[in-house]
Peer 1: 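My questions all concern the structure below.
These numbers come from the heavy atoms of this one structure, side chains and all, not from hydrogens, waters or symmetry mates.
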Amino acid sequence: MTGTDRPSLVLGLLLTAALVIGGMWFVLDRRAERDEERVRAQAEVFERVLAGKDADLAAAAERNRAITAELSAARTREGELDARVVRLAARVEALVAECAGLRASQADFDELKADRARAAGDVGRLEDELANARRELRKAREDLAAALEKPPEEAAPAEPEPEPVPAGAVTDARELERVRTVLNGLLAGSGDVRFVKIGGLRGKTLYGVEISEGVVGVRGTKTFEAREARIAIDAAGRRVEIRLVDGTITYSDSRARFRGDRYVLSLTDVATETWVRSGLTIFGTI
């Protein structure tokens, strides 16, 4: 190789080296750009993911606040409901007490109605007795006036009194006492009426009876004496009648005969089913 060719060779080697280096730099530069673009793209993706996560966290925080608010409102409503339950429970207790009071008032009212019915029956009997007494008094005054106007006459012989107990009637003392005891037991719930004496019994008729009305030994007690007595029951109306025939009433030391030889002791609000089941067969019906 000549001296002239050596510089050309060196120059060629330098050019070749420069081309190689330039190519390598170009390749490396392009790779760096691609790596940068890839990193930039990954960074953008990461930023979008982070942004989405932030949005999710914000939404979650908002939901948490909403749930907390709803929970607080629910607790408030629960407290209000508890208070309402307490008030309602107190109201229920008050209503129960009021119902108990109303039941007691109804029982008192029913008892007053029964007392009123009994009092009405007593008033009716007293009015009948008063009317009978007034008629007897008026008749006695008329008889007295007529007797004063007429000259005394020879008294006519008195008619014989009818037999108090007819032949064929039951007169056994033990049987009559049994009937009297049962009747007085039934009458125990109907005031102060009671049979004092029963002289005989035939069929549904009692003979030679004595009945007391009132408390024994107390002034104002009435005594009824009758030749016959019959007892009739009105089961539907809860009423019992003791129908007396041919007798007298003794009241406050005064004695008078029955008006028209008849008198009825009427008992109201009677437990007639007890009378029907008593076993006695002497009762009729109204």
Peer 1: Could you walk me through whether Glu213 and Asp192 satisfy the side chain to side chain contact (heavy atoms under 4.5 Å, CB included) test, starting with their C-alpha distance in whole Å, then the side-chain angles of each, then the deciding distance to 0.1 Å, before giving a yes or no?
Peer 2: CA-CA 5 Å; Glu213 183 179 21; Asp192 298 319; 5.5 Å; no

Peer 1: Considering all heavy atoms of both residues, which atom of Leu183 and which atom of Leu206 are nearest to each other, and what is their separation?
Peer 2: CD1-CD1, 4.2 Å

Peer 1: Taking salt bridge (Lys or Arg N to Asp or Glu O under 4.0 Å) as the definition, give me every residue that meets it alongside Glu175, ordered by chain and number, with sequence neighbours left out.
Peer 2: Arg178

Peer 1: Could you check Ser212 against Thr221 for side chain to side chain contact (heavy atoms under 4.5 Å, CB included), going step by step and ending with a plain yes or no?
Peer 2: CA-CA 7 Å; Ser212 174; Thr221 300; 3.4 Å; yes

Peer 1: Apart from Val96 itself, which Ile, Leu, Val, Met, Phe, Trp or Tyr residues share its cluster (side-chain heavy atoms under 4.5 Å, direct or through members)?
Peer 2: Val92

Peer 1: Can you tell if the side chain of Thr223 reaches within under 4.5 Å of the side chain of Ile211, non-hydrogen atoms only?
Peer 2: no

Peer 1: Please list, chain by chain and in numerical order, all residues satisfying side-chain hydrogen bond (donor to acceptor under 3.5 Å, both in side chains) with Thr205, sequence neighbours excluded.
Peer 2: Arg230

Peer 1: Give, for atom CZ of Arg243 and atom OG of Ser266, the distance between the pair rounded to the nearest 0.5 Å.
Peer 2: 9.5 Å

Peer 1: If two hydrophobic side chains count as joined below 4.5 Å and joins carry through other members, does Val196 share a cluster with Leu187?
Peer 2: no

Peer 1: Mind checking side-chain hydrogen bond (donor to acceptor under 3.5 Å, both in side chains) for Thr250 and listing every partner two or more places apart, or none if nothing turns up?
Peer 2: Arg255

Peer 1: Once rounded to the nearest 0.5 Å, what's the spacing between atom OG1 of Thr171 and atom CG of Leu201?
Peer 2: 10.0 Å

Peer 1: Name the atoms and distances for all side-chain donor-acceptor pairs under 3.5 Å in residues 33-43, with sequence neighbours left out.
Peer 2:
from: Glu33; atom 1: OE1; to: Arg30; atom 2: NH1; distance (Å): 2.6
from: Asp35; atom 1: OD1; to: Arg38; atom 2: NH1; distance (Å): 3.2
from: Asp35; atom 1: OD1; to: Arg38; atom 2: NH2; distance (Å): 2.5
from: Glu36; atom 1: OE2; to: Arg40; atom 2: NH2; distance (Å): 2.9

Peer 1: To the nearest 0.5 Å, tell me how far Leu244 CG sits from Ile231 CD1.
Peer 2: 9.5 Å

Peer 1: How far does OG1 of Thr268 sit from CZ of Arg239, to the nearest 0.5 angstrom?
Peer 2: 9.0 Å

Peer 1: For residues 278-286, tabulate all N or O donor-acceptor pairs below 3.5 Å that involve a side-chain atom, not counting sequence neighbours.
Peer 2:
from: Ser278; atom 1: OG; to: Trp275; atom 2: O; distance (Å): 2.7
from: Ser278; atom 1: OG; to: Leu280; atom 2: N; distance (Å): 3.4

Peer 1: Show every ring pair (Phe, Tyr, Trp, His ring centres under 6.0 Å) that has at least one partner inside residues 168-202, sequence neighbours left out.
Peer 2: none

Peer 1: Start with the C-alpha distance between Lys197 and Glu225, add both sets of side-chain angles, then the distance that settles salt bridge (charged side-chain N to carboxylate O under 4.0 Å, His left out), and finish with yes or no.
Peer 2: CA-CA 9 Å; Lys197 182 182 72 173; Glu225 297 176 271; 5.7 Å; no

Peer 1: For Arg202 and Ala167, which heavy atoms make the closest approach, and how far apart are they?
Peer 2: NH1-O, 3.1 Å

Peer 1: Quick one: salt bridge (charged side-chain N to carboxylate O under 4.0 Å, His left out) pairs with a partner in residues 68-81, sequence neighbours left out?
Peer 2: none

Peer 1: Please name all residues satisfying side-chain contact (heavy atoms from CB on, under 4.5 Å) with Ala188, sequence neighbours left out, ordered by chain then number.
Peer 2: none

Peer 1: Tell me if a side-chain donor or acceptor on Ser72 pairs with a main-chain N or O of Thr68 at a distance below 3.5 Å.
Peer 2: no

Peer 1: Assess whether side chain to side chain contact (heavy atoms under 4.5 Å, CB included) is satisfied between Arg238 and Glu273, documenting all intermediate values.
Peer 2: CA-CA 9 Å; Arg238 297 176 63 82; Glu273 62 276 4; 3.7 Å; yes

Peer 1: Members other than Val20 in its cluster, when Ile, Leu, Val, Met, Phe, Trp, Tyr link by side-chain heavy atoms under 4.5 Å?
Peer 2: Met24

Peer 1: Can you tell me which residue pairs pass the salt bridge (charged side-chain N to carboxylate O under 4.0 Å, His left out) test with a partner in residues 82-101, sequence neighbours excluded?
Peer 2: none

Peer 1: Roughly how far apart are Arg257 CZ and Ile249 CD1, rounded to 0.5 Å?
Peer 2: 11.0 Å

Peer 1: Taking side-chain contact (heavy atoms from CB on, under 4.5 Å) as the test, write out the residues that go with Glu62, two or more places apart.
Peer 2: Arg65

